[in-house]
Asks: 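Below is the structure I would like to discuss, written out as structure tokens.
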Amino acid sequence: MSKSRAEAAAGAPGILLRYLQEQNRPYSAQDVFGNLQREHGLGKAAVVKALEQLAQQGRIREKTYGKQKIYFADQDQFDTVSDADLHGLDAKIAALTAKVQSLQQSCRHMEAELKELTSALTTPEMQREIQELRKECACYTERLKNIKAATNHVTPEEKEKVYSERQKYCKEWRKRKRMATELCDAILEGYPKSKKQFFEEVGIETDEDYNVTLPDP
């Protein structure tokens, strides 16, 4: 055992006694070791030995639950607390709990605000964004100006005529395609070869050969 570890072990009873009195709650040897090893450099064996020594001396109390021993401060050394004092402590705890909750809520609001601010554009970025938007507006304004100045506008009547003629020709297209399909199907019922061979021999070209799709009605 190193000199520093030996010194820590020698002072372990005093450290553990003071810790249990200050916390005034039950702990296992493992709990005490885990809570104090970083601060005081105590080994687990030294903690177990010191707790057993303190219990034997009657300076702390020891309870056994199954295979585990629990250690806590001797309650006889503490003053008896009246009901009024307990109610006062409960009220104080409630007030502190409410304060903690309020502070936590404030922290959440501040975190949300901070997140919003960090995700927002900086002043230089906003200035560049405004310049880009102004350029786009100028382009659209110029485009609109050219459209209004043009003399080849299509009147509503002309537009309606074009749509009407398109509908008429698409209807005729659909009608003739259906007639051609029915005629070819009738011939193919008695044709000894495949449909593809028939089209090649006759020289029939379909819309599908040129990736042409009949528009919706």
Side-chain angles (χ1 to χ4, degrees), residues 27-28 30-31 33-39 44 66-68 93-217:
Y27 287 105
S28 66
Q30 179 63 39
D31 292 334
F33 166 68
N35 294 340
L36 298 180
Q37 64 167 332
R38 184 183 295 272
E39 182 180 355
K44 185 173 181 180
K67 296 182 179 180
Q68 188 178 44
I93 291 172
L96 290 173
T97 300
K99 186 176 181 180
V100 169
Q101 292 176 346
S102 177
L103 290 173
Q104 289 175 337
Q105 183 70 16
S106 298
C107 286
R108 284 193 289 269
H109 285 315
M110 293 175 70
E111 288 174 354
E113 185 177 356
L114 178 62
K115 184 178 180 181
E116 183 178 352
L117 289 173
T118 53
S119 62
L121 294 176
T122 63
T123 300
E125 290 173 340
M126 292 183 68
Q127 291 174 340
R128 288 193 294 270
E129 183 73 14
I130 291 172
Q131 290 178 353
E132 292 297 325
L133 290 174
R134 284 176 175 171
K135 289 180 182 179
E136 288 185 18
C137 288
C139 292
Y140 288 132
T141 301
E142 183 65 22
R143 183 179 176 184
L144 180 61
K145 180 180 177 181
N146 293 334
I147 292 174
K148 289 182 177 180
T151 57
N152 58 344
H153 293 300
V154 178
T155 63
E157 291 77 12
E158 292 173 329
K159 181 180 179 181
E160 180 62 29
K161 181 180 179 182
V162 170
Y163 278 116
S164 178
E165 290 181 350
R166 175 183 179 276
Q167 187 175 12
K168 172 184 175 182
Y169 294 139
C170 286
K171 182 178 180 181
E172 188 66 24
W173 180 1
R174 192 174 291 104
K175 175 183 175 182
R176 294 191 180 192
K177 182 173 183 177
R178 183 176 63 254
M179 292 172 59
T181 300
E182 292 174 352
L183 180 61
C184 288
D185 290 342
I187 295 174
L188 286 170
E189 289 181 1
Y191 190 71
K193 299 181 182 179
S194 66
K195 181 177 180 180
K196 181 179 180 182
Q197 290 175 320
F198 171 67
F199 281 6
E200 289 177 351
E201 291 181 3
V202 178
I204 296 177
E205 295 178 340
T206 65
D207 295 336
E208 291 72 20
D209 292 336
Y210 294 91
N211 295 321
V212 176
T213 303
L214 185 64
D216 294 331

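Worth knowing before you read on, the calculation uses all heavy atoms, side chains too, and leaves out hydrogens, waters and symmetry mates. Values in this document were obtained by computation on a predicted structure and should not be read as measured data.
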Asks: So, taking the atom named CG in Leu117 and the one named CE in Met110, what distance separates them when rounded to the nearest 0.5 Å?
Replies: 11.0 Å
Asks: For Glu205, does its backbone N or O pair with a side-chain atom of Asp209 as donor and acceptor, under 3.5 Å?
Replies: no
Asks: Below 4.0 angstrom, N of the basic side chain to O of the carboxylate: do Lys171 and Glu165 qualify?
Replies: no
Asks: Please walk me through it: do Lys175 and Glu182 pass salt bridge (charged side-chain N to carboxylate O under 4.0 Å, His left out)?
Replies: CA-CA 11 Å; Lys175 175 183 175 182; Glu182 292 174 352; over 6 Å; no
Asks: With a 4.5 Å cut-off on side-chain heavy atoms, are Lys195 and Cys184 touching?
Replies: no
Asks: Just jot down the ring pair (Phe, Tyr, Trp, His ring centres under 6.0 Å) partners of Phe199, sequence neighbours excluded, or say none.
Replies: none
Asks: Picking from Arg176, Arg174, Lys168, what satisfies side chain to side chain contact (heavy atoms under 4.5 Å, CB included) with Glu172?
Replies: Arg176
Asks: Could you name each residue pair satisfying side chain to side chain donor-acceptor pair (under 3.5 Å) that touches residues 105-123, not counting sequence neighbours?
Replies: Gln105-Arg108, Gln105-His109, Thr122-Glu125
Asks: Which distance, rounded to the nearest 0.5 Å, do you find between the CG of Asp207 and the OG1 of Thr213?
Replies: 8.0 Å
Asks: When you compare the side chain of Thr97 with that of Gln101, does any pair of heavy atoms fall below 4.5 Å?
Replies: yes
Asks: Taking the side chain from Thr181 and the backbone from Lys177, do they hold a donor-acceptor pair closer than 3.5 Å?
Replies: yes
Asks: Got a sec, which pairs hit side chain to side chain donor-acceptor pair (under 3.5 Å) with one end in residues 129-144, sequence neighbours left out?
Replies: none
Asks: With a 4.5 Å heavy-atom cut-off, do Gln68 and Gln30 have their side chains touching?
Replies: no
Asks: So do Leu36 and Tyr27 actually touch side chain to side chain, heavy atoms under 4.5 Å?
Replies: no
Asks: Are Phe198 and Lys193 packed together at the side-chain level, in the sense that at least one heavy-atom pair is separated by less than 4.5 angstrom?
Replies: no
Asks: Can you find a pair of side-chain heavy atoms, one from Val162 and one from Glu158, that are under 4.5 Å apart?
Replies: no
Asks: Please report the interatomic distance CG(Leu183) to CD1(Ile187), rounded to the nearest 0.5 Å.
Replies: 4.5 Å
Asks: Rounded to the nearest 0.5 Å, how far apart are CD of Gln127 and CG of Leu121?
Replies: 11.5 Å
